[in-house]
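Taking it in order: structure first as structure tokens, then the write-up.
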Amino acid sequence: MGRVREALRGNRRVDPDVLIGRLDAVQSFLDAADGHLPSDRLVPAHTLVERAGGRLALSRDHTLVALAGATGSGKSSLFNALAHMHLSPVGVRRPTTGQAFACVWGAADAAGGLLDWVGVLPRNRFARESPLDGDDEAPLRGLVLLDLPDFDSVESAHRVEVDRLLGLVDLIVWVVDPQKYGDRVVHEAYLREFHRHKDVTVVVLNQADRLSTADLPKVLGDLRRLLEEDGLGGVPVVATAAVQDAAMVELRRLLERTVAERQAALRRLNSDVDTALARLDDLVGGPAPEDVDRATSRRLADALAGVAGVPAVADATERAYRHRAGSATGWPLVKFWRKLRPDPLRRLHLHTPPVVGTELAPSDGPSPAVTSLPDPSAAQRASLGIALRTVTDTAAGELPEVWRVAVGDAARSRLGDLPDALDKAVAGTELGVERKRAWWRAVGLLQWLLTLVAVAGLGWLVAGYIVRALGLPRFDYPMVGEVPLPTLGLLGGLVAGILLALLVKPFIRWGARRARRRAEARMRESVAEVGRDQVIAPVRLVLRDYTTARNAYAAAGPPR
């Protein structure tokens, strides 16, 4: 009795509000982790939250105690002895029954909801107290005692039912007998699995009357040794004999104290939280980076720029600038030949200004390409793959492997939308070559003036030859030094126009290079925005959810 009291005294009290806070933290963990982690890893925690919500919503004035044991352990006899009634069928053959029996101390109706929740059939429910008892059973008022099927039954459905009920009850009384107390199935399949539920575990060595006075302490000592190996050292161990009322006193007092404390349900759920957290332990590691670093973002942007054809468009922009500037400032007499050459940007379907408010994000349905850029090369696709892996490796940091996989999946989650989004980003970028420069117009006007001078000189000379040919009165050309003015106008206009075209070529080349750099910078920014939206944003979401889950896991830990 002293050992039992010591064990019970060591049970810590569980504050309901603290427990609810821990359960809320587990739910927060699940909310953050769902969709990122394998669902099978989260099932136990989901089951815990659902089960805990159901149990806490039911009566806290009742303590649900299960008698669990193997065939022949005397479990049903112990159940009947505690109830002082023959309620559960006793048998030595296996299996006996696959249904649980319940005995309620107090009003049976008050525990109806709890028994409905655990799934005990109404015909298997019994009320213990009666007016004839007086106050004899009052210390156990609130106890709901279950006699479970044998967990070593050859019927798999019986074992499934036992496992289900063991997950719901508040306190488990494991019943063993002197012959099979060391059975491997009992210890490895059950007791060892409940090593985190020491606060709600009691082990009963039943049929102790079969042992001699000298053998009983030895068997109890060996049983405690086995429990120590199972991780259940310190749990109450009680010797009973269902056929002797005196041998039931210690177990009955233990149950009375458990019922009086009204802590078993809270302790069970508290231990369940500890078990769930232990299963989630490898899903939480070090802190996650706050964001993807700039170097990695730049590398991603460079890779996307290559896939999007930014270098090709930048080159076409430079050539288009030269083409358009040459057309605007070149010699008017050869402009016709230049117009026969297609504009480099027209070949890529990039000759029209972007529409204001163009969406760079992909639409709901597939959309055709808006440019005629060549498909990315194998090297460019490989570069993008390396960049995505770099994003994953950098963002994942010291995260557990399952979260690293989630980060990698997030980085590639919109890979199918990238081509269309990149195409729209490039097509929607203002390249800066649509508007004619003022100096183009000035040079073009000057070229036209020089051309008019040359044409006027030519016309004047032709008019003089016509006059001579027709025998009309001859007139002399004005002279500029030794050169006739019409000749000077013709030659001067032609030479000046050619020289002017040659003079502006360095400026056109400089302007073309500048236009290329500006267009490339704008396209890279548009492409980088696509990368931030299609790759970085999903990765950020995973990192944020990981941080939330990590903080929730810490909050769900045992109170200090």
Side-chain angles (χ1 to χ4, degrees), residues 291-324 343-362 367 369-395 410-435 509-540:
D291 203 350
V292 178
D293 62 83
R294 292 184 178 180
T296 303
S297 297
R298 281 197 301 270
R299 185 169 182 174
L300 174 64
D302 291 341
L304 291 175
V307 172
V310 169
V313 177
D315 181 67
T317 301
E318 181 178 1
R319 288 184 285 111
Y321 185 98
R322 291 182 180 181
H323 178 81
R324 297 175 187 184
D343 188 295
L345 289 180
R346 290 180 184 272
R347 297 178 182 178
L348 302 178
H349 294 171
L350 292 168
H351 58 284
T352 55
V355 178
V356 176
T358 299
E359 290 289 339
L360 301 184
S367 60
V370 294
T371 69
S372 297
L373 290 169
D375 293 333
S377 65
Q380 290 170 333
R381 288 194 293 269
S383 176
L384 176 60
I386 293 172
L388 291 175
R389 284 195 296 273
T390 302
V391 170
T392 299
D393 294 341
T394 304
R412 292 172 174 79
S413 61
R414 302 181 185 177
L415 203 56
D417 296 331
L418 272 178
D420 188 52
L422 292 173
D423 211 34
K424 289 182 178 180
V426 172
T429 301
E430 172 59 67
L431 300 177
V433 294
E434 296 296 333
R435 179 179 55 84
R509 287 196 296 270
W510 175 83
R513 289 193 295 270
R514 184 168 178 267
R516 177 193 180 111
R517 289 192 298 269
R518 294 179 63 183
E520 188 170 11
R522 290 174 180 175
M523 286 187 291
R524 283 182 175 274
E525 178 55 34
S526 297
V527 166
E529 181 61 31
V530 172
R532 287 190 289 270
D533 179 63
Q534 305 283 358
V535 178
I536 303 297
V539 169
R540 282 188 186 133

Task: For Arg532, all residues meeting salt bridge (charged side-chain N to carboxylate O under 4.0 Å, His left out), sequence neighbours excluded - done: Glu525, Glu529
TODO: Apply side chain to side chain contact (heavy atoms under 4.5 Å, CB included) to Arg389 and list each qualifying residue two or more places apart in sequence or on a separate chain.
DONE: Ile386, Arg412
Task: Partner of Glu318 under side chain to side chain contact (heavy atoms under 4.5 Å, CB included), chosen from Glu520, Arg513, Arg514, Arg509 - done: Arg513
Task: Heavy-atom side-chain contact between Val313 and Val310 under 4.5 Å - done: no
Say you draw a straight line from [atom1] of [X] to [atom2] of [Y]; how long is it, rounded to the nearest 0.5 Å?
X: Met523; Y: Arg516; atom1: CE; atom2: CZ; answer: 8.5 Å
X: Asp423; Y: Leu418; atom1: CG; atom2: CG; answer: 12.0 Å
X: His323; Y: Thr317; atom1: NE2; atom2: OG1; answer: 13.5 Å

Task: Donor-acceptor pair, side chain of Arg540 and main chain of Val535, under 3.5 angstrom - done: no
Task: Under 3.5 Å donor-acceptor, Arg522 side chain and Glu430 backbone - done: yes
Open item on the list: For a quick test of reading the model, state the closest non-hydrogen atom pair linking Ala515 to Tyr321 and the distance between them.
Closed with: CB-CD1, 3.7 Å
Acceptor/donor pairs from residues 296-309 side chains to any protein atom, 3.5 angstrom cut, sequence neighbours excluded:
| unit_1 | atom_1 | unit_2 | atom_2 | d |
| --- | --- | --- | --- | --- |
| Thr296 | OG1 | Asp293 | OD1 | 2.9 |
| Thr296 | OG1 | Asp293 | OD2 | 2.9 |
| Thr296 | OG1 | Thr394 | OG1 | 3.4 |
| Ser297 | OG | Asp293 | O | 3.2 |
| Asp302 | OD1 | Arg524 | NH1 | 2.8 |

